Amino acid sequence: MSIIDGRITGFTVYPLAFSDPPLLNAAGVHEPLALRTVVRLEAGDVVAWGEGRGDALPPDVVPALEAELLGLDVFATSRIESVVDGVLRRLRPDLGAQARLMTFAPIEVAALDAQGKLLGRPVSELLGGALRDRVDYSAYLFFKWAGHIGADDDEWGAALDPDGIVAQAERMIDRYGFRSIKLKAGALHPDVEVASLLALAEAFPGLPRRIDPNGAWTHDTALDVARRLDGVLEYLEDPVLGIDGMSRVHAETGLPLATNMCVVETEHILPAVRSDAVQILLSDHHYWGGLRRTKELAAICEATGMGVSMHSNSHLGISLAAMTHVAAAIPNLAYACDTHYPWNRADDVVPDGGIEIVDGAVTVPTGPGLGVEVDPGRVEELHERFVRSGRGARNDGDYMRRGDPAFTDALPRY
Ligand code: GKR
Ligand code: MG
């Protein structure tokens with residue numbers, strides 16, 4: 001019996017920039033370009049891909065990572081993780097454990113893509129097998145400007161009131177068939193945001209709804225919003241900041257609370273469980289160290305009685321494929337996952353039609369690895385765009401201040 005050669009023979013990191021609409025949130029507004037990092041691995045005769053956050057791979061560590069990853073076996077992801085961890089501890093002692101896991105995450109995804117391609121098996125099978133053929137996502141609605149500063153209106157137009165949000169939802173649901181709704185809040189006065197959610201409830205009575213102000217509300221505002229939205233929410237996401245604050249809101253409202261903000265590291269889990277602060281943990285493999293660790297996180301959620309679903313940031317199709325594989329393999333996933341994909345798909349490195357949201361869900365790819373083709377020319381193009389942009393990090397607050405110099409991103413705001 002011959003053993004498959006999985007030695008890594010190539011490791012390339014591409015910081016990318018791609019178009020993003022002016023979506024409003026508690027931190028400000030999305031800039032014209034969103035940033036992501038794509039990792040390309042070569043192993044045996046395959047090329048594999050992973051996608052991570054824009055700040056996932058600090059450029060100063062890439063040469064050392066390349067030197068130490070070349071020659072490792074893509075099947076040995078624990079070894080790869082410890083090598084990545086070691087390089088970062090040596091070269092970037094300022095980075096904490098979570099930042100090191102964020103660096104490992106896209107490398108792990110690329111390693112799993114490579115494993116799947118070498119074996120002729122989909123990534124979901126490397127995670128224990130898909131328990132569902134399709135993974136549901138929610139329509140992720142945002143208040144937004146009509147267009148970027150100094151640019152024409154975009155195809156979505158403005159959404160700054162209940163009518164605008166309902167029109168956005170109609171368009172998104174019409175196009176992608178979503179069967180659940182998430183409204184990003186924390187951007188406008190809570191009265192407008194509550195009225196928008198109520199308008200969505202009226203327009204789409206059968207669909208579960210959530211609202212997420214990213215901790216922009218005070219305790220009293222959160223209670224008031226919870227009262228006004230009584231009976232129309234599936235869950236309330238990060239109404240206030242911090243585990244203690246969430247615990248108080250849950251105790252006083254009884255509403256299920258979800259978070260991607262107050263439980264973002266392993267050490268947050270126990271205090272959150274003890275104080276019953278979080279009923280649904282929004283996992284994110286880009287933060288939590290990859291797909292296998294996300295499955296482990298889901299098992300912890302199960303053991304501690306928390307529900308589990310999935311958070312997103314602006315992203316491309318490699319991430320959507322990875323999210324879909326891991327979501328398919330998590331037994332206790334009981335909610336539609338978040339995705340920004342409709343906002344960013346026009347610039348995707350996975351060519352049009354490579355991965356689609358139909359009837360609100362993505363069919364779990366069955367081809368080898370992640371099961372999506374990546375266009376290397378497109379990756380180079382978006383990398384050039386990143387280089388030309390001179391951008392380093394996301395800064396929604398500074399961009400908002402170009403339109404509104406008095407804007408402050410200090411929270412809580414209302
Ligand atoms: O894209 O503006 C955004 C979101 O607010 C994002 O930054 C959050 O991380 O989607 C996220 C969330 O659920 O909090
Ligand atoms: Mg959130």
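Counting starts at 1 for both ligands and their atoms, following the listed order. By convention here, the first residue in the shown sequence is residue 1. Basis for what follows: all heavy atoms, side chains included, without hydrogens, waters or symmetry-related copies. Given the structure is predicted, the values throughout are model-derived calculations rather than measurements.
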**Report entry** Note: R402-E31 ion pair, threshold 4.0 Å (strictly below)
**Finding:** no

Query raised in the report: If you count the non-hydrogen atoms of other residues, nucleotides and ligands that lie under 6.0 Å from CG in D404, is the total more than 12?
Result: yes

Query - Neighbour count above 12 (heavy atom, 6.0 Å) for D398 CG - result: yes

Report all N/O contacts between ligand 1 and the protein shorter than 3.5 Å as a table of atom names and distances to 0.1 Å; if there are none, say 'none'.
{"residue": "ligand 1", "atom": "1 (O)", "partner": "H30", "partner atom": "NE2", "Å": "2.8"}
{"residue": "ligand 1", "atom": "1 (O)", "partner": "H340", "partner atom": "NE2", "Å": "2.7"}
{"residue": "ligand 1", "atom": "2 (O)", "partner": "N25", "partner atom": "ND2", "Å": "2.6"}
{"residue": "ligand 1", "atom": "2 (O)", "partner": "H30", "partner atom": "NE2", "Å": "2.7"}
{"residue": "ligand 1", "atom": "2 (O)", "partner": "R394", "partner atom": "NH2", "Å": "3.4"}
{"residue": "ligand 1", "atom": "5 (O)", "partner": "K184", "partner atom": "NZ", "Å": "3.0"}
{"residue": "ligand 1", "atom": "5 (O)", "partner": "N214", "partner atom": "OD1", "Å": "3.4"}
{"residue": "ligand 1", "atom": "7 (O)", "partner": "N313", "partner atom": "OD1", "Å": "3.1"}
{"residue": "ligand 1", "atom": "7 (O)", "partner": "R394", "partner atom": "NH1", "Å": "3.3"}
{"residue": "ligand 1", "atom": "7 (O)", "partner": "R394", "partner atom": "NH2", "Å": "3.1"}
{"residue": "ligand 1", "atom": "9 (O)", "partner": "H311", "partner atom": "NE2", "Å": "2.8"}
{"residue": "ligand 1", "atom": "9 (O)", "partner": "N313", "partner atom": "OD1", "Å": "3.3"}
{"residue": "ligand 1", "atom": "10 (O)", "partner": "Y140", "partner atom": "OH", "Å": "2.5"}
{"residue": "ligand 1", "atom": "10 (O)", "partner": "S312", "partner atom": "O", "Å": "2.9"}
{"residue": "ligand 1", "atom": "13 (O)", "partner": "Y140", "partner atom": "OH", "Å": "3.4"}
{"residue": "ligand 1", "atom": "13 (O)", "partner": "K182", "partner atom": "NZ", "Å": "2.8"}
{"residue": "ligand 1", "atom": "13 (O)", "partner": "D212", "partner atom": "OD2", "Å": "3.0"}
{"residue": "ligand 1", "atom": "13 (O)", "partner": "E237", "partner atom": "OE2", "Å": "3.1"}
{"residue": "ligand 1", "atom": "13 (O)", "partner": "N260", "partner atom": "OD1", "Å": "3.2"}
{"residue": "ligand 1", "atom": "14 (O)", "partner": "K184", "partner atom": "NZ", "Å": "3.2"}
{"residue": "ligand 1", "atom": "14 (O)", "partner": "D212", "partner atom": "OD2", "Å": "3.1"}
{"residue": "ligand 1", "atom": "14 (O)", "partner": "N214", "partner atom": "ND2", "Å": "2.7"}
{"residue": "ligand 1", "atom": "14 (O)", "partner": "N260", "partner atom": "OD1", "Å": "3.0"}
{"residue": "ligand 1", "atom": "14 (O)", "partner": "N260", "partner atom": "ND2", "Å": "3.1"}

Query - N, O or S from N260 under 2.8 Å to the Mg ion (ligand 2) - result: yes

Query raised in the report: What's the atom name of the N, O or S in E237 nearest to the Mg ion (ligand 2)?
Result: OE2

Query - the Mg ion (ligand 2) - name of the N/O/S atom of D212 that sits closest to it - result: OD2

Query raised in the report: After noting the C-alpha distance and the side-chain angles of I181 and L197, does the key distance pass the side chain to side chain contact (heavy atoms under 4.5 Å, CB included) rule?
Result: CA-CA 10 Å; I181 291 176; L197 204 287; 5.6 Å; no

Query raised in the report: After noting the C-alpha distance and the side-chain angles of E81 and R79, does the key distance pass the salt bridge (Lys or Arg N to Asp or Glu O under 4.0 Å) rule?
Result: CA-CA 5 Å; E81 179 174 345; R79 175 92 189 111; over 6 Å; no

Query - L291: which of E108, M323, E296 passes side-chain contact (heavy atoms from CB on, under 4.5 Å) - result: E108

Query raised in the report: Salt bridge between R248 and D244, side-chain N to carboxylate O under 4.0 Å?
Result: no

**Report entry** Pairing of D348 and R345 as salt bridge, 4.0 angstrom limit
**Finding:** no

Query raised in the report: Checking only N/O/S atoms, does D338 have one that is under 2.8 Å from the Mg ion (ligand 2)?
Result: no

